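Here's the structure we're looking at; comments come further down.
Please read these numbers as outputs of a predicted model, since none were measured by experiment.
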Amino acid sequence: MEKEQNPYLSVPIEKIDPAHDAFCLRYGRQEDEALKESIASLGIRTPLLLLGEEDKLTILSGFARYHSAVACAKKELPARILNGPLSTRDHYELLKNLIKENMEDRGLNPMEQAMALEKASAWLQASDPDREDAVKRVTTEVMPLIGRKPLRQMYERLIAWLELGPLTRQALAIGQIPENAADALGELPTPDQDRLCDSMVRYRMSTGMCRDFSRMAYEVCKRDKINAEDLLLRLNHDDSQSPENPADYRKELLERLRRLRYPILSRQEARFEELHRRLALPDGIRLIPPTHFEGDRFRLEAQLRGKSDFVKMVENISKTLNDKNDTIDAIFRICTEIEEAPES
Amino acid sequence: MMQFPIHTIHVEESVRHTEITRRVLDRLADQAAVEYVPDARSVINQYDLRRGAHRRGKQALLLSDFHSAPIKPCPSTPEYLCCEYQILNFGAGCPLDCSYCILQDYFSNPLMVVQANPDAFLEAAAREIRSQPERFFRLGTGEFADSLALDPLTGYAKRLIEFIRGFPNALLELKTKAVYVDDILRLDHCGRTVCAWSVNSADVVRREEIHAASLDARFDAARQCQEAGYRLAFHFDPIIYSPGWEEGYRKTVKRIFEVARPDNIVWISLGCFRYTPGLEKTIRERFPGNRYTFDEFIMGGDGKMRYPQPLRIHIYRKMIQWIREYGGDKVLVYFCMENPAVWQQVMGRVPTDNDELASWLDASGGWKKPGAQSAPIPPA
């Protein structure tokens with residue numbers, strides 16, 4: 001790409017066509033008040049980069065500056081103009097440079113990264129319709145620029161985010177939900193994605209909670225062939241109510257979902273807790289079942305201060321053995337028996 | 001005969017003129033393109049596991065020279081007891097495409113491979129078997145592949161049955177979901193081959209084993225093999241839990257004993273569905289209608305997802321109850337890759353280690369160690 005670049009000019013704002021957004025790498029960012037203030041008082045200090053093709057100026061770099069200037073009622077903008085027309089390969093190289101600059105200046109959020117990949121593929125396919133070749137080249141050349149491993153699987157993962165529902169895309173872009181939550185929601189129909197995303201955002205679930213909530217919600221919806229609305233009903237979740245304590249509420253919501261997703265384990269856990277309570281072991285002593293009740297190795301955890309505690313513990317356990325033998329039997333059957341036969 | 005949807009055959013140059021290659025090419029000449037390659041390994045790289053490669057792999061067959069070990073141990077996992085089955089490595093991959101197949105994740109490519117130089121392969125296997133006369137080789141071809149699914153093309157089963165009958169310290173188990181038994185019925189197998197079918201509930205067969213033979217056809221093939229003097233085995237693996245599972249599995253157990261004499265069954269294995277995280281992803285992508293991966297699983301000590309142990313025990317108890325009800329107490333039943341707690345709870349006895357479990361199966365297969373007074377007694 002050896003096109004001559006004019007020194008920068010003052011361009012009437014109406015000559016710029018912002019609708020052509022093949023180079024826009026901006027998604028989901030809040031209106032930049034600081035930029036507007038700066039433009040209102042100092043004007044635009046970094047010229048836009050425009051492409052002049054067939055008497056129409058399109059923006060290559062400076063979408064945020066353009067929109068802020070419009071909001072400040074500016075009539076003219078400083079800009080460098082690149083003379084067109086350019087080949088689609090030139091466009092691709094140009095886009096790569098912009099991606100690199102954006103990554104260095106401000107970083108790209110996940111949606112912007114996905115857009116960058118899609119746009120780069122589109123430019124390559126404009127000259128060579130072989131999609132496989134385009135994907136291969138973008139994977140090896142563009143993905144490292146956005147800080148992702150050059151893997152086909154990763155490329156497909158990011159591109160899939162572009163198909164998410166609008167609310168979910170927005171939440172992913174501004175970091176309200178993590179990427180793995182977006183992946184799980186992406187397996188559901190769009191309305192369900194946005195419905196579940198709304199709940200996660202509304203109750204400000206943490207990254208880990210979002211991950212667990214979205215994965216379990218997706219799996220229950222698939223397993224039971226229900227939609228998000230039905231799922232939330234099963235969870236007794238009502239958006240119209242504002243819980244007194246949102247932190248407790250979201251924890252409870254997640255727990256209810258877990259019981260729905262893992263009914264057998266949840267029942268076994270509840271049963272174990274009930275039996276353990278019945279044992280009434282002294283404070284500091286706890287029987288711990290195998291992880292997920294797999295295998296048969298229980299552990300006894302005891303916090304002891306010296307010999308007298310130890311002696312007391314042994315006496316207590318002996319007493320428990322005499323008094324609550326049936327409960328102890330039931331506890332050790334927890335890994336091998338289901339209280340009620342699963343539905344069949 | 002099944003129409004094999006094979007579109008491409010890759011032939012390694014060195015096996016261009018072997019009998020198996022000629023036979024396969026004769027049978028598929030009209031439908032498949034043939035490519036000769038100097039080295040089979042270069043073909044394998046063409047079938048990396050990108051989206052769509054699984055299907056492509058089922059449409060391609062690689063006729064390869066003998067490159068690897070002739071006998072390999074079952075890739076067992078820690079914390080779960082393994083029967084120490086030995087894989088007679090005649091090929092890999094399978095055309096059946098059952099949705100739950102672990103090979104989708106186990107192999108790095110989905111290509112079907114057949115050792116097309118059986119002379120070299122079987123000579124190496126023979127050397128290994130002869131070199132350890134004190135050891136019993138319970139061999140099988142049904143772990144990395146289906147033992148009979150490609151047999152109309154390759155004719156391998158006949159070759160293997162004739163091979164194994166010459167070894168007093170070896171037994172071959174052909175494990176399959178196919179029914180291509182015509183070519184083996186009249187063979188003199190000397191009792192050294194066991195014909196085994198992987199079976200399931202009719203629902204699971206219909207939904208998840210769509211290219212495999214029907215249950216009726218499998219049982220009919222088993223009956224023919226029994227009449228031809230073969231001993232039989234049956235494998236319930238994977239048992240897939242779903243609403244109404246009991247009726248489906250009970251009926252299949254009943255069918256086994258309507259067809260097979262209990263004293264002619266060397267073993268029945270049970271294994272609940274389990275999977276690696278990678279397999280879950282593949283199943284959900286390739287078979288989007290599946291529901292069983294959305295059931296309740298926990299991660300076992302070997303990193304595989306399994307039904308919670310109390311549920312597995314519940315399932316196994318039922319299965320054993322039906323096996324005993326319809327087949328009596330004599331048939332040896334074992335678990336494939338289960339932990340000692342499950343063995344204890346369901347069978348009331350735990351093999352001390354993999355070797356002991358293997359010895360039970362060896363004994364049921366007819367092996368008595370040279371000099372031993374009696375064979376180990378497997379649990380009833």
Side-chain angles (χ1 to χ4, degrees), chain A residues 131-132 135-136 139 151-157 159-160 183-184 186-189 215-226 258-269 271-272 289-298 330 332-344, chain B residues 48-53 78-80 201 241-250 274 278 280-285 288-318 338-346 348 350:
Chain A
R131 182 174 182 273
E132 282 304 311
V135 170
K136 212 169 180 178
T139 302
L151 300 173
R152 164 76 179 230
Q153 213 176 10
M154 183 64 84
Y155 171 90
E156 285 177 353
R157 182 183 177 213
I159 291 292
D183 293 335
E187 301 290 337
L188 293 169
R215 183 180 50 78
M216 289 193 289
Y218 148 63
E219 290 177 340
V220 172
C221 285
K222 287 292 236 188
R223 183 192 67 193
D224 298 350
K225 295 190 172 167
I226 56 172
R258 191 175 172 276
R259 284 198 292 271
L260 208 55
R261 176 67 188 92
Y262 301 107
I264 296 173
L265 274 184
S266 303
R267 275 202 303 267
Q268 298 296 95
E269 281 165 4
R271 194 170 142 225
F272 178 82
T291 310
H292 305 316
F293 306 105
E294 180 75 3
D296 54 6
R297 288 191 186 166
F298 286 68
F332 283 99
R333 282 200 305 267
I334 201 86
C335 296
T336 57
E337 283 178 11
I338 315 178
E339 194 168 46
E340 39 190 296
E343 273 178 39
S344 61
Chain B
D48 61 350
L49 285 174
R50 286 190 311 203
R51 192 168 290 187
E79 297 187 31
Y80 295 85
S201 74
Y241 172 76
S242 66
W245 74 277
E246 289 164 325
E247 192 51 16
Y249 281 95
R250 188 189 61 74
R274 54 210 178 274
E280 176 191 86
K281 193 169 178 291
T282 304
I283 295 174
R284 288 180 182 180
E285 264 180 29
N290 99 85
R291 284 175 69 188
Y292 59 89
T293 61
F294 297 97
D295 268 318
E296 190 169 350
F297 296 94
I298 54 103
M299 186 173 280
D302 57 356
K304 284 187 186 161
M305 306 301 289
R306 293 159 192 268
Y307 295 128
Q309 182 173 289
L311 177 60
R312 301 204 307 275
I313 289 174
H314 172 77
I315 291 170
Y316 290 138
R317 280 181 177 151
K318 288 277 182 189
E338 263 308 346
N339 68 29
V342 169
W343 272 91
Q344 182 61 49
Q345 286 303 317
V346 183
V350 188

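- In this structure, the side chains of B:Y249 and B:I315 stay at 4.5 Å or more apart for every pair of heavy atoms.
- Interface check for chain B: of the options A:E219, A:E294, A:Q268, A:H292, the most heavy-atom pairs under 4.5 Å are formed by A:E294.
- For the options B:E79, B:R312, B:Q344, heavy-atom pairs under 4.5 Å to chain A are most numerous at B:R312.
- Only the backbone of B:F297 has a heavy atom closer than 4.5 Å to any heavy atom of chain A.
- Seen from the ring of B:Y80, B:R306 counts as a face-on cation partner, given the 6.0 Å and 45° thresholds.
- With chain A as partner, the option from B:D295, B:I298, B:T293, B:I313 having the largest number of non-hydrogen pairs under 4.5 angstrom is B:I298.
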### Query
Are A:R259 and A:E269 close enough, and set up right, to give a salt bridge (Lys or Arg N to Asp or Glu O under 4.0 Å), and what steps lead you there?
CA-CA 10 Å; A:R259 284 198 292 271; A:E269 281 165 4; over 6 Å; no
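- In this structure, chain A has no heavy atom under 4.5 Å from any part of B:Y316.
- Remark: B:R291 CZ is packed, more than 12 non-hydrogen atoms of other residues, nucleotides or ligands lying under 6.0 Å away.
- Interface remark: B:K281 contributes side-chain atoms only to the contact with chain A (heavy atom separation under 4.5 Å).
- Proximity of a side-chain donor or acceptor of A:R223 to a complementary backbone N or O of A:R261 within less than 3.5 Å is detected.
- Across B:P340, B:G301, B:A341, the residue that shares the most heavy-atom pairs under 4.5 angstrom with chain A is B:A341.
- For chain B, no part of A:P290 is nearby; none of its heavy atoms comes within less than 4.5 Å.
- Salt bridge absent: A:K222 and A:E187 never bring a charged side-chain N and a carboxylate O closer than 4.0 Å.
- With a 4.5 angstrom heavy-atom cutoff, B:N290 does not touch chain A via any of its atoms.
- The closest side-chain heavy-atom distance from A:I264 to A:F293 is not below 4.5 Å.
- Among the candidates B:P310, B:P288, B:P308, the residue making the largest number of heavy-atom pairs closer than 4.5 Å to chain A is B:P310.
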